[in-house]
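Report on one structure; see the data block that follows.
As the structure is a computational prediction, the values presented were derived from the model and not from experiment. Throughout, a chain's letter reflects where its sequence line sits, starting with A, and its residues are numbered from 1. Computation of the quantities below employed the complete heavy-atom set of this structure, encompassing side-chain atoms and omitting hydrogens, waters and symmetry-equivalent molecules.
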Amino acid sequence: MVICTGGIILLKKFREERIKEIEGLRALGINPYPYSYKKTHTSEDIRTQFQNIANGEVTNERVSTAGRVMALREHGKSTFFHIKDTFGRIQAYVRKDRTENYEFFKEHITLGDIIGIEGIVFKSNTGEVTVLVEKFQLLNKPLRPMPEKWHGIKDREILYRQRYAEMIANDETVKRFRMRSDIIRMIREFLSSKGFFEVETPILQYQTGGASARPFITHLNALDIDMYLRIATELHLKRFIVGGFDKVYEIGRIFRNEGISYKHHPEFTTIELYQAYADYEDIMNLTEELITHLVEKLYGTTKITYQGQEIDFTRPWKRVKMRDFIKENLGVDILEDSNEKFVSVLASHDVEIDINDRGHMIEKLWDLVEDKVLQPTFLLEHPVEISPLAKKSRDDSRVTERFELIIYGREMANAFSELNDPVDQYERFVNQLRLRDLGDEEAQMMDKDFVRALEYGMPPTGGLGIGIDRLVMLLTDSPNIRDVIAFPLVRPEGDVDIEEIEDDGNDSGERGEQA
RNA sequence: GACCUGGUAGCUCAGCAGGUAGAGCACCUGACUUUUAAUCAGGGGGUCGCGGGUCCGAAUCCCGCCCGGGUCACCA
C-alpha cells in the first residue's frame, strides 16, 4: 500500500541540503552528533532564579543550558532566540562582540537545532530573562523542517501519529504530559506515606477477571496456548491481601477490546488499591483525601475548571444512593419495580434491551441519568446483580457496599467493601456464567483459583480503582482521552516518508512508486 | 458498524457557479547589535489523499477506496 505523502520533493531537497551541511561540518572537524553536554540549569531554573532582576540589568552569574532553538530573530550582528526544554523556553542572545564563533552561529545555527549555550544572565529592556551567550555548541541538526511557529500543529492525525512533532511545536502539550507524570508521582508519594506497597501482577493471563469487558487475545508460543491481556488488576491484588499484605496498590496498563471514543481507549492506565480491615466508608474518605490532595498540590485550591464548568472538590463530597438518584430522575425504583417497568421506561427513552437481564437494565437506567452529575459525587449501593465482587450491604442484602465516584458525568473511580465470603463469591461467578450463556460477552469468567484463595481467608478489605487517564483529563482540562495518552492507538500508517538509502550510481532516480 | 465532516507546499490555511494553484510561517540569498509572530528586499518549493468517470479542459462535478475528526451504538 502506498499513501501519497505530498511534497516529497521539497522535503527531499531540505534533507539533502541539511545532509550536505552536516558533511561540511564534519569536514571542518566538527562532530555534528556530539556525545554529551554539561547542563547546569533548566530553562525554568534560570527564569525563576533571575525573575527579580531589573530590566536591562546584567548579572555576572554564569549558566549553562541546552535545548531546541525556537523563534530565531536575527539582527545582523546579533541574534535573539529561545531555547526550549522540558520546562518551557528561555531567551538567549548572541552578539558579535560577546559570543565566540559568532560567524559560525550566523552561518549554521537555525530554527530547530539542538544546542548548548553558556553565558551570563541579564534581563532585556523589555523585561525578559535572557542568557547572553558567550559559548555555544551545536548538539544536533535536524533533517526536517520544524512545524509552524505560531499555529503549531493542529492536524489531529499528525498530533497523534507524531506526538514528538506536536511536542516540539506546542508547548502546552509538553506541559500536559509533564502534569500527567507529576500526578502519577504524587499518587505514589501519597500512598507510600500511608504505608501502601506498590506491587505488580500479571498482564498475560489464562483467564480474565475483575471487570466486565471483552479481552484481547494473544498467543504464548512456549506452551502453544492462547492467553488474554488483563482487563483489571483486582483479583490478583486481592490475592496479595490473602497472602498477608495489608495495603497494596498497582498502577498499570489494562486492555479492553472495546470501542474507541473521547473517553475510551483500548489500553489505559488504572490504579487499584486494597486496604485490609477497611470498608467502603474508609475507602471513600481515602478517595476524597487523595484527589483533593492532588488538586490542591496542582492548583493551590480545591476548585478547578473543566471545559468551562467549575468543579468544586471541597470536602465532603455529595453522597447519593443509586436507587434514590434513579427514582428521583426517572421515577423507577430499581429495587422494587418489575423488569416490565424497566423495559417500558427504557423504551420511552429509545433504549433497546439487548440482554434480557435485570442487572443490565439497571445499568442502562443509570446511563440515562449519569450526565446529570457534574460535581464530585459518590454514587452508592449498586444492586448485587451488577456488582459480582462487592460485599452485600450490612443493611439491605439486595444492594452492595459499593460506590462509584462521578465527576462531570463520568465514572472516575469504583470501589467497594470487597466480597470475602468464598461461597458467596462462587455463586456470584456462577451467575456471571449464566449471563455469558445469555450472550453477555463481557460477563466475568469463573476464577476458581481466586475462590480457592478466598477459602484461605481474606480479611475484611476495602478496594478502589481509579482510571488514571480520565483523572488526568479532568486535572489538565483535556477534552479527549487521546490528549493525555502520549501515543494513542491509530490505524497503521501506510508509508512513512523517511529518506531511503539509494544507490549512488542511480541519481536520475525514478522514486519508487511501486507498491 | 451507521450518519455528518475533512484531506491543497514541511506547517497553518485560502482557492471549489470547471479554464490547469495562492498567502503567511519555514527554507535559500542579501540588509539590520535589545528582539520576541522582529522587520525589509529577492528566490526556490505542489502527483491539490488514491483510483476511476463526465468534459475540449477537473483541486473544483460524479462514483469507489484510503486516512483523520465529530455524533450515535458498546464500554470506563
C1'-based separation of B/G49 from B/G6 [nearest Å]: 11 Å
- prompt: Within the pair A/Arg156 and B/G70, is there a side-chain N or O less than 4.0 Å away from OP1 or OP2?
  reply: yes
statement: Closest to the 5' end of RNA chain B, once A/Val351 and A/Lys77 are matched to their nearest nucleotides, is A/Lys77
field: Short side-chain donor-acceptor distance under 3.5 Å, A/Asp45 and A/Thr42
entry: yes
- line: Closest to the side chain of A/Arg18, out of B/U33, B/U71, B/C27, is B/C27
- prompt: In the structure shown, which nucleotide is the Watson-Crick or G-U wobble counterpart of B/C32, with both distances under 3.5 Å?
  reply: none
query: Which part of the nucleic acid does A/Glu74 contact within heavy-atom distance under 4.0 Å: base, sugar-phosphate only, or nothing?
result: base
message: Taking syn as a glycosidic torsion within 90° of 0 and anything else as anti, which one is B/A17?
response: syn
query: Choosing from B/C67, B/U35, B/U33, which nucleotide comes nearest the side chain of A/Phe80?
result: B/U35
task: Measure the distance from CG on A/Leu159 to C1' on B/G6 and round it to the nearest whole Å.
output: 15 Å
field: Nearest-nucleotide pick for A/Tyr93, side chain only, options being B/U33, B/C27, B/C25
entry: B/U33
- prompt: Is the distance from OP1 or OP2 of B/C74 to the nearest side-chain N or O of A/Lys364 less than 4.0 Å?
  reply: yes
- request: Give me the ring orientation class for A/Phe122 and A/Tyr93: parallel if the planes are under 30° apart, tilted from 30 to 60°, perpendicular past 60°.
  value: tilted
query: Using purine N1 to pyrimidine N3 plus N6-O4 or O6-N4 for Watson-Crick, or N1-O2 and O6-N3 for G-U wobble, both under 3.5 Å, which nucleotide pairs with B/C61?
result: B/G53
- prompt: With a non-hydrogen cut-off below 4.0 angstrom, is A/Ala71 in contact with a base, only sugar-phosphate, or nothing?
  reply: sugar-phosphate
task: Scan A/Gly112 against the nucleic acid and name what it touches under 4.0 Å (heavy atoms): base, sugar-phosphate only, or nothing.
output: nothing
query: If the C1' atom of B/C13 is compared with that of B/G7, how far apart are they to the nearest Å?
result: 13 Å
field: Distance, C1' atom - from B/G43 to B/U12, rounded to whole angstrom
entry: 22 Å
- prompt: With a non-hydrogen cut-off below 4.0 angstrom, is A/Gly259 in contact with a base, only sugar-phosphate, or nothing?
  reply: base
message: Under 4.0 Å, counting only non-hydrogen atoms across every strand here, what does A/Lys154 touch: a base, just sugar-phosphate, or nothing?
response: sugar-phosphate
message: When the C1' atoms of B/U8 and B/A58 are compared, how many Å lie between them, rounded to an integer?
response: 14 Å
field: Residue A/Pro145, side-chain atoms from C-beta onward, closest of B/C27, B/G68, B/A26
entry: B/A26
Candidate nucleotides B/G68, B/C74, B/C27, ranked by approach to the side chain of A/Val490 - the nearest: B/G68
field: Side-chain heavy-atom pair A/Tyr306, A/Ser478 within 4.5 angstrom cut-off
entry: no
Same-atom distance (C1') from B/U33 to B/G46, integer angstrom: 39 Å
message: Does a side-chain N or O of A/Lys149 approach OP1 or OP2 of B/A38 to a distance below 4.0 Å, or not?
response: yes
task: Provide the distance between the two C1' atoms, one in B/C61 and one in B/C48, to the nearest whole Å.
output: 16 Å
- request: Can you tell me, in whole Å, how much space there is between the P of B/C72 and that of B/C56?
  value: 47 Å
query: Does CD belonging to A/Glu200 count more than 12 external heavy atoms closer than 6.0 Å?
result: no
message: When you measure from the side-chain N and O atoms of A/Arg161 to the phosphate of B/G68, is any distance below 4.0 Å, counting only OP1 and OP2?
response: yes
query: At under 4.0 Å between heavy atoms, what does A/Phe268 touch on the DNA or RNA strands: base, sugar-phosphate, or nothing?
result: base
- prompt: Under 6.0 Å between the ring centres of A/Phe416 and A/Tyr280?
  reply: no
Ionic contact status for A/Glu442 with A/Arg256, cut-off 4.0 Å: no
- request: Among the candidates B/C27, B/C67, B/G44, find the nucleotide nearest to the side-chain atoms of A/Leu111.
  value: B/C27
query: Do A/Glu401 and A/Lys391 sit within salt-bridge range, that is, some charged N less than 4.0 Å from a carboxylate O?
result: no
- prompt: Which residue lies toward the 5' end of RNA chain B, A/Glu404 or A/Trp150, if each is placed at its nearest nucleotide?
  reply: A/Trp150
- request: Nearest whole angstrom, please: distance from the P of B/G10 to the CD1 of A/Ile158.
  value: 10 Å
query: Contact class for A/Ser261 vs. all strands (heavy atom < 4.0 Å): base, sugar-phosphate, or nothing?
result: nothing
query: Base, sugar-phosphate, or nothing: which does A/Tyr102 touch, judged by heavy atoms less than 4.0 Å apart?
result: nothing
query: For A/Asp97, which contact category applies under a 4.0 Å heavy-atom criterion: base, sugar-phosphate, or nothing?
result: base
query: Can you tell me the Watson-Crick or wobble partner of B/C25, both distances under 3.5 angstrom?
result: B/G10
- prompt: Taking CH2 from A/Trp366 and P from B/C74, how many angstroms apart are they, rounded to a whole number?
  reply: 16 Å
field: Any-strand Watson-Crick or G-U partner of B/C72, both distances under 3.5 Å
entry: B/G1
- request: Drop me the distance from A/Phe177's CZ to A/Thr86's OG1, to the nearest 0.5 angstrom.
  value: 14.0 Å
Filtered N/O pairs between nucleotides 14-16 of chain B and protein, under 3.5 Å:
none

message: Please name the nucleotide paired to B/A37 by Watson-Crick or G-U wobble geometry with both distances under 3.5 Å, or report none.
response: none
message: Checking contacts here: which listed nucleotide (B/U34, B/C27, B/C74) is nearest the side-chain heavy atoms of A/Glu442?
response: B/C74
Inter-nucleotide C1' distance (B/G51, B/C74), Å rounded: 34 Å
query: When you check the side-chain N and O atoms of A/Gln91 and A/Arg73, is any donor under 3.5 Å from an acceptor?
result: yes
- prompt: Between A/Arg491 and B/G68, is there a side-chain N or O to OP1/OP2 distance below 4.0 Å?
  reply: yes
- prompt: How far does CG of A/Asp447 sit from NZ of A/Lys238, to the nearest 0.5 angstrom?
  reply: 10.5 Å
- request: State which residues pass side-chain contact (heavy atoms from CB on, under 4.5 Å) with A/Lys149; sequence neighbours excluded, sorted by chain then number.
  value: none
field: Short side-chain N/O contact from A/Ser78 to OP1 or OP2 of B/C32, under 4.0 Å
entry: no
task: Give me the ring orientation class for A/Tyr102 and A/Phe105: parallel if the planes are under 30° apart, tilted from 30 to 60°, perpendicular past 60°.
output: parallel
task: For B/G70, take OP1 and OP2 only and decide whether either is under 4.0 Å from a side-chain N or O of A/Asn480.
output: yes
task: Go through the N and O atoms of the side chain of A/Gln91 and the base of B/U35, and report whether any donor-acceptor pair is under 3.5 Å.
output: yes
- prompt: Should A/Arg95 be listed as having a side-chain N or O under 4.0 Å from OP1 or OP2 of B/U33?
  reply: no
